[in-house]
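Letters go in sequence order (proteins before strands), and every chain restarts at 1.
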Number of protein chains: 2
Amino acid sequence: MAGATAPLLGLEKKSLREQALSALRTAITSGELEPGRHLVETELSDMLQISRGTLREALRQLEQEGLLSAGPRGRLSVRHLDGKEIRDIFAVRAALESLAVRTLCELPDRTSVIASLRSAVDVMAAAAEASLEERIESDLEFHRTLCRLTGNETLLHSWESLEGSIRMSIMFAGIERAVKNMSVDRHHDIVAAIETGNATLARTTILEHMDVAAANLVA
Amino acid sequence: MAGATAPLLGLEKKSLREQALSALRTAITSGELEPGRHLVETELSDMLQISRGTLREALRQLEQEGLLSAGPRGRLSVRHLDGKEIRDIFAVRAALESLAVRTLCELPDRTSVIASLRSAVDVMAAAAEASLEERIESDLEFHRTLCRLTGNETLLHSWESLEGSIRMSIMFAGIERAVKNMSVDRHHDIVAAIETGNATLARTTILEHMDVAAANLVA
DNA sequence: GTACCATCAACTGTTAACAGACCAACTGTA
DNA sequence: TACAGTTGGTCTGTTAACAGTTGATGGTAC
């Protein structure tokens, strides 16, 4: 039963490592693996039906994403966030997204960018009555799009490295608090600010949005 | 010969994985492993005298740090940077350090912070006549200190995740270009700006510093 | 009951070996 | 010579097994 890839047909199946990564990420950010919990490699590999070697590769990645914290003897545990850390995470997030909107404002032609952002906001609006989880997904997708549209791969990568921590913050604070940040209007404001091309205005809008978001979570 | 830890004596010996990580990072950022080069796992594990399993854990981490890029069939190669990517990296770096100085400016008591920064600048001044490598190290240490002093662990972690890319940028541009950024005066300006507590001024100073640095590298 | 020592179970660090996919060279046939 | 099929090599994905340390458990002496 020793592995192999398996491209088979155009479908590009995910490797076991990637599957485990997704599964663990979901388990952690959904709270199924509660914060502070010690993770035992043999237990997880048994649960996920993969070998420890493959699992350990995934764990390293999660560790770097900030979802796991390493204890004394290499013991890993699910990271525990307090109010300060949530504010810290959102401060970094604000700095990154602030760069994103500034970059977008400086583009000579913003029409296609605005179009993409508007459709992302539309998705949010459409999900306004959907499940809380879906609303959060569409919200994160909007902000991820903000970074992606800059064309700055490093920026996008940094943001995505932070995404796990953001999700943990939401989980830690409780979803009912998080949905207070899902206002479609606020996101319209951000798009509008970018449309004007006024970098300072756009930056202020994002910073304020993030401040409010962090405050809502830790309040 | 199958492994184990080996604390031995208080000295906290590094695990093989960490040793490999350091070795590879150095090899890449020093140019010993030239950009674009394909990495073969068996070759590396042979060279570093460790098994593939252990090596692969280190490779995942380097991949996430942006030093390696994954090709079609999982083939890894040393990341190749062009001018745009260097500018992008420094834009993100600027955003992070901009947050750092702003945070420091908002501290009620900055005396100990200023003291730490001054001593970091002193180290740079002392290294002014040293080897180019040492000057670069002391420069990076100054900027890392900037982030560390904020007490924002997430910020520090994000910056350190970018550090490898920064080192690659320097290597790619050539050390002779990079040393143009090692001006002690410029760093004094940054500290002075923080000392005033004027967040806007400090932010402007850092952004300009980063702009010049990026321009020097890609010029 | 408490202190000390031996034994043992549990967990991580590390390694060697196996399985499948892709690529290039080689060979046989018109 | 040109081309198709085969074969061998190389590399990654994955796994099972081994080594060594740490912490706990149980038993014995005082």
Side-chain angles (χ1 to χ4, degrees), chain A residues 1-25 28 33 36-64 67-79, chain B residues 1-25 27-28 33-34 36-64 67-79:
Chain A
M1 229 40 97
T5 32
L8 236 310
L9 236 132
L11 261 303
E12 281 281 357
K13 216 172 182 181
K14 283 201 296 185
S15 69
L16 287 186
R17 195 193 84 240
E18 288 172 5
Q19 285 179 252
L21 208 66
S22 302
L24 286 173
R25 238 193 301 252
I28 294 174
L33 255 43
R37 166 147 172 184
H38 281 294
L39 298 183
V40 179
E41 294 180 355
T42 51
E43 217 172 278
L44 286 179
S45 70
D46 220 41
M47 190 179 306
L48 297 171
Q49 300 278 10
I50 59 174
S51 74
R52 276 184 59 221
T54 304
L55 172 72
R56 280 168 65 92
E57 288 185 45
L59 290 180
R60 291 290 155 238
Q61 201 156 338
L62 292 172
E63 189 182 351
Q64 186 126 7
L67 293 173
L68 303 178
S69 59
R73 256 189 72 62
R75 304 285 300 266
L76 293 175
S77 53
V78 179
R79 186 178 171 196
Chain B
M1 235 28 105
T5 33
L8 236 311
L9 236 132
L11 261 305
E12 280 281 358
K13 218 169 179 184
K14 286 200 297 186
S15 69
L16 288 187
R17 195 193 83 238
E18 288 172 8
Q19 285 179 254
L21 207 71
S22 302
L24 286 173
R25 238 194 301 252
I28 293 173
L33 256 42
E34 66 272 26
R37 166 147 172 185
H38 281 294
L39 298 183
V40 179
E41 295 181 355
T42 52
E43 215 171 280
L44 285 180
S45 69
D46 218 42
M47 190 177 308
L48 297 171
Q49 299 277 10
I50 59 173
S51 74
R52 274 185 60 220
T54 304
L55 172 72
R56 280 170 63 92
E57 288 185 45
L59 290 180
R60 291 293 154 236
Q61 200 156 341
L62 292 172
E63 189 182 351
Q64 187 127 8
L67 283 105
L68 303 178
S69 58
R73 258 192 69 63
R75 303 287 299 267
L76 292 175
S77 52
V78 179
R79 185 176 171 199

message: Does C/dT15 have its OP1 or OP2 closer than 4.0 Å to a side-chain nitrogen or oxygen of B/Arg17?
response: no
I need the [atom1]-[atom2] distance between [X] and [N], as an integer number of Å.
X       : N      : atom1 : atom2 : result
A/Leu76 : C/dT12 : CG    : P     : 8 Å
B/Glu41 : D/dC11 : CD    : C1'   : 8 Å
B/Arg60 : D/dT14 : CZ    : P     : 9 Å
A/Leu44 : C/dC11 : CG    : P     : 11 Å
A/Lys14 : D/dG13 : NZ    : P     : 15 Å
A/Glu43 : C/dC11 : CD    : C1'   : 11 Å
A/Arg73 : C/dC11 : CZ    : P     : 12 Å

Is the shortest side-chain heavy-atom distance between [X] and [Y] below 4.5 Å?
X       : Y       : answer
A/Leu59 : A/Leu24 : yes
A/Arg25 : A/Leu62 : yes
A/Ser77 : A/Ser69 : yes

query: In residues 45-59 of chain B, which ones come under 4.0 Å of DNA chain D, going by heavy atoms?
result: B/Arg52, B/Arg56
Within residues 43-55 of chain A or reaching into it, pairs that qualify as salt bridge (Lys or Arg N to Asp or Glu O under 4.0 Å) - sequence neighbours excluded: A/Glu41-A/Arg52
- line: A/Ser15 has its side chain closest, among D/dT12, C/dG13, D/dG13, to D/dG13
field: Candidates C/dC11, D/dT15, C/dT15 - which lies nearest the side chain of A/Leu16
entry: D/dT15
message: Between B/Glu63 and B/Arg60 (salt bridge meaning N to carboxylate O under 4.0 Å), is one present in this structure?
response: yes
- prompt: Who are the side-chain hydrogen bond (donor to acceptor under 3.5 Å, both in side chains) partners of A/Thr42, not counting sequence neighbours?
  reply: none
